[in-house]
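Below, read A as the first sequence line, B as the second, and so on, with proteins coming before strands; counting in each chain starts at 1.
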Amino acid sequence: MFENAFESARAAGDLTSEDKPAVVIETPPNEAFGDFSCNIAMTLARAERKAPLVIAEKIVKHFEAPEGFLRDARIEKPGFINLYLDGDFLCAKLGEIFSSPDDFGKNESGAGKSVHLEFVSANPTGPLHVGHGRGAALGDVLGRVLEASDFRVHREYYINDAGNQIETLAKSACARYLQDVKGDAVPFPGDGYQGEYIREIVKSSRFREGIGALEDEQALLSQAGVIAKDLILEDIKKSLSEFRVRFDEWFSESSLFTENGNKIEEAIAALEATGKLYEKDGAKWLASSAYGDEKDRVVVRDDGRPTYLASDIAYHHLKYERGFDRYINIWGADHHGYLPRVRASMGMLGHDPDKLDVLFVQFVSLRRGGEAVQMSTRAGEFEELSAVVDEVGVDAARFFFLMRSADTALEFDLDLAKEQSSENPVYYVQYAHARACSLFRQAAEEGESFDDLDEPPPGVLVLAEERQLMKNLLEWPDVVRTAAERLEPHHITFGLIALAKQFHAYYNRNRILGQGDGLTRARLCLAKCVQIVLKNGLNLLGVSAPEKM
RNA sequence: GCGCCCGUAGCUCAGCCGGAUAGAGCAACGGACUUCUAAUCCGUAGGUCGCAGGUUCGAAUCCUGCCGGGCGUACCA
């Protein structure tokens, strides 16, 4: 509409600019400034050499709005053009919610493109802790948001089941096992995993049966490592599944060495063919500094063993060869220095590094009774995800993890998350949903049949807060789109809290039932829309939307 | 030293691909339940958006430099 007005204003000689400016429509901070506003006049000011207010007038003069759409278009002081929508137009737009309730909020910004989404990928050397939980919630919800934006999402967990940490796990398990059968005199390796979970593992019947009567030290070691890893991985899968996080694929690092040839060697050979690998001090180095990394990196050690980076190069190389349109990884913030070298290696292999996005998720600290909960990974005493989930519930845990943007450190208040009161935002949103549902139940009990709710009839919903509510509802698809475009699921959480707040206020101020057929019906329609959007939003978060509380 | 993230109300945080009077929750204070769920609502109070420059008609938002906090800086993963 603005573009058309600009064109016709130019055709009429009112404007002289050649270039069509980028039209930015935004929602004003204050209701008094209308429903939408545009700054086009201000951006044109320079090129036109005229005051923004003058330009705005010329543009508004050439507006051709569809019938029944605009109530008013006003020009405000610095040069904003503010549009005031017709209330009945809003009512009619709500019809979209009813025509396909489950789909409302979806958008097509992904245009059917495929996304490879890798997240969690915690080492199978210990249980998941709250930090992993945050990554899990973020990745899972991002996946849902991307799907709602018409991306095809493949969720993958990369299992680091090769390398030193598995050897360390094997040694730790072996030592605990021997301590268990021979007494505490058996030394525990200094770099071993201290966690209590390893003692439990070696006591389990699965472990004992797997070990059997092995005496040979090497055989015992490798067998202990395999079993411990398997048991831990099962535990991880269980924790994630209970946390309502699912994966399409569990990709094993060790499979890179064994399946369909050695993918690590292939990747190294491919890099060598590009001339980007060189030898120094007996090791093979990646010339990544020429690709934005701060220094070159070792890919093959001087003893011939590949580094972790070699695995990751092979893994990402394989990802790219699988032909996705985009790749998104979610990593802990402590891995941020790792991205340049992975990007560099992909560039060297002829892949487009820009197809790879990495979300870095900052740390989680726990708070209980107003005090920080001490977490010491060195001593193996960290707060496990499953313990937190058991304590506060899946809904609260997921919601809390998504109440902050990923790049800010999260303080997780256990007391608050557990609290079933107004102070807990999860319940706040769920309660709004349950409240709406109870209205429909109540209406039915009173014998009024409102199960054919559709868009509100025109001319009835005239309150300012009703307009505001309608506008917020209609903006929901934009919230989802923004969350997908910026890879920021927390917009969903904030959008839901805002909508719930608006609905609670509206509910308290205005009676919905028993207002006469016309008004009650219209307000119920509105409440139905609220309920649908809340439900869809909670679904995106993987949080339940109870009908009763 | 270098790199990434953060610094906004007493606390926890939104807002940050430039826009109008900087928002929310908690905490504080004062109100609202014979009426649709008080797990709710209404009101009051609370701010030199870390500091200093720059770009701009306009900066919490972009750039530069400082200060403060977190994380990283391996032939570990």
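- Residue Asn164(A) is classed as a sugar-phosphate contact, given heavy-atom separations below 4.0 Å to backbone atoms only.
- Summarising the geometry, the separation between CD1 on Ile512(A) and P on U35(B) is reported as 16 Å, rounded to the nearest angstrom.
- If you check every strand for non-hydrogen atoms under 4.0 Å, Asn510(A) touches a base.
- At the heavy-atom level, Thr408(A) lies under 4.0 Å from the strands shown only through sugar-phosphate atoms.
- Contacts of His490(A) with the nucleic acid, taken as non-hydrogen atoms under 4.0 Å apart, involve only primed sugar atoms and P, OP1 or OP2.
- Distance from the side chain of Phe363(A) is smallest to C71(B) among U35(B), C71(B), A77(B).
- Counting non-hydrogen atoms under 4.0 angstrom, Asp281(A) reaches a base of the nucleic acid.
- Within the 4.0 angstrom heavy-atom criterion, base atoms lie near Ala283(A).
- In this model, the phosphate group of G3(B) is not approached by any side-chain N or O of Lys295(A) to a distance below 4.0 Å at OP1 or OP2.
- Rounding to whole angstrom units, CG of residue Asn123(A) and P of A77(B) are separated by 10 Å.
- Looking at heavy-atom distances under 4.0 Å, Asn82(A) makes contact with a base.
- OP1 or OP2 of C41(B) lies within a sub-4.0 Å distance of a side-chain N or O belonging to Tyr428(A).
- At the heavy-atom level, Ala432(A) lies nowhere under 4.0 Å from the strands shown.
- Whole-Å rounding puts the Arg509(A) CZ to C41(B) P distance at 12 Å.
- Distance noted for atom C1' between A28(B) and C11(B): 12 Å (whole Å).
- Nucleotides C49(B) and A59(B) have their P atoms positioned 12 Å apart, rounded to a whole Å.
- Relative ring orientation between Trp331(A) and His316(A) is described as perpendicular, the plane-to-plane angle rising above 60° on a 0-90° scale split at 30° and 60°.
- Counting any heavy atom pair closer than 4.0 Å across all strands shown, Glu411(A) reaches sugar-phosphate atoms only and no base atom.
- Taking a cutoff of 4.0 Å between a charged side-chain nitrogen and a carboxylate oxygen, Arg404(A) and Glu411(A) do not qualify as a salt bridge.
- Using the six-membered ring where Trp is involved, His335(A) and Tyr338(A) have ring planes that are perpendicular, over 60° apart on the 30 and 60° scheme.
- The existence of a salt bridge linking Arg368(A) and Glu391(A) is confirmed by a sub-4.0 Å separation between a basic side-chain nitrogen and an acidic carboxylate oxygen.
- Within 4.0 Å of His433(A), counting heavy atoms only, lies no atom of the nucleic acid at all.
- Remark: Arg404(A) is not in phosphate contact with C6(B), judged by side-chain N or O atoms under 4.0 Å from OP1 or OP2.
- Base orientation of C33(B): syn (glycosidic angle within 90° of 0).
- A20(B) has Phe33(A) stacked on its base ring, the centres lying under 5.5 angstrom apart and the planes within 30 degrees of parallel.
- Taking the C1' atom of each, C66(B) and G7(B) are spaced 14 Å apart, rounded to whole Å.
- If you check every strand for non-hydrogen atoms under 4.0 Å, Pro340(A) touches nothing.
- Ring orientation note: the planes of His490(A) and Phe494(A) are nearly perpendicular, at an angle over 60° on the 30°/60° scale.
- If you take CZ on Arg398(A) and OG1 on Thr493(A), they are separated by 10.5 Å, rounding to the nearest 0.5 Å.
- Arg486(A) comes within 4.0 angstrom of a nucleotide base, judged by non-hydrogen atoms across all strands.
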